[in-house]
Amino acid sequence: MELTNAFGKADGELKGLVQGAADSMDANSGDALLTLQSLGQAPDLTPEQRQALGQSQAAVLNKLREAAATGNQQAAEAVERYRASK
């Protein structure tokens, strides 16, 4: 996955957060979106890491929107939280 590759040389804590986000991305989890948003606030990210985060965030948001459209209330709430944070 591009996200985990981009953070392959990151320190242990950051790498753990990225792995957790990557794992939860497959579950249409709002937690993944929150984690990716938090990671994006780190001041010392490389351009490659920022790009991978942006792409991953967009992919998770699309999955959540699709899940919300099919009636998944948790996904709908996650999308609303994301909108409110912008």
Side-chain angles (χ1 to χ4, degrees):
M1 170 176 268
E2 187 174 327
L3 181 64
T4 52
N5 290 339
F7 284 86
K9 295 182 181 178
D11 67 39
E13 182 180 346
L14 189 57
K15 198 172 192 175
L17 287 171
V18 168
Q19 189 59 54
D23 291 345
S24 62
M25 283 173 67
D26 295 327
N28 286 333
S29 171
D31 293 341
L33 188 58
L34 290 174
T35 301
L36 292 170
Q37 284 180 282
S38 295
L39 287 168
Q41 301 302 316
D44 56 348
L45 298 177
T46 67
E48 178 187 24
Q49 290 169 333
R50 289 202 185 279
Q51 181 179 2
L53 277 173
Q55 290 172 346
S56 296
Q57 192 171 331
V60 169
L61 192 54
N62 284 337
K63 283 184 180 184
L64 288 170
R65 285 182 179 139
E66 289 172 6
T70 63
N72 183 321
Q73 188 60 33
Q74 288 178 328
E77 291 170 5
V79 170
E80 258 324 292
R81 280 192 308 272
Y82 175 78
R83 285 184 187 149
S85 72
K86 291 292 162 192

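Just so you know, these numbers use all the heavy atoms, side chains as well, and skip hydrogens, waters and symmetry mates.
Taking CD of Gln57 as the reference point, atom OH of Tyr82 lies at 4.5 Å (rounded to 0.5 Å). In this structure, the separation between NZ on Lys63 and CD on Glu66 is 9.0 Å, given to the nearest 0.5 Å. Remark: Gln19 CD to Leu3 CG distance equals 8.5 Å, nearest 0.5 Å. Distance check, rounded to the nearest 0.5 Å: OG of Ser56 to CG of Leu36 gives 6.0 Å. Here Asp11 contributes atom CG and Asp44 contributes atom CG; the two are 8.0 Å apart, rounded to the nearest 0.5 Å.
Heavy atoms only, all atoms of each residue included: Ala75 and Ala67 are closest at CB-CB, 3.6 Å. Of all heavy-atom pairs between Ala21 and Thr35, the closest is CB-CG2, 3.7 Å.
Residues passing the salt bridge (charged side-chain N to carboxylate O under 4.0 Å, His left out) test with Glu80 are Arg83, sequence neighbours excluded.
Hydrophobic clustering of Ile, Leu, Val, Met, Phe, Trp and Tyr side chains at less than 4.5 Å, counting indirect connections, unites Leu45 with Val18. Note on Val60 and Leu34: separate hydrophobic clusters, where clusters join Ile, Leu, Val, Met, Phe, Trp and Tyr whose side-chain heavy atoms are under 4.5 Å apart, directly or indirectly.
Side-chain N or O atoms of Lys15 include one that pairs as donor or acceptor with a backbone N or O of Gly8 at under 3.5 Å.
Under a cut-off of 6.0 angstrom, the local environment of CD in Glu77 is crowded, with over 12 non-hydrogen atoms contributed by other residues, nucleotides or ligands.
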What pairs of donor and acceptor atoms, side-chain ones from residues 48-55 against any protein atom, are under 3.5 angstrom apart with sequence neighbours left out?
from, atom 1, to, atom 2, distance (Å)
Gln49, OE1, Thr46, N, 2.8
Gln49, OE1, Thr46, OG1, 3.4
Gln49, NE2, Ala6, O, 3.4
Arg50, NH1, Gly40, O, 3.1
Arg50, NH2, Ala42, O, 2.8

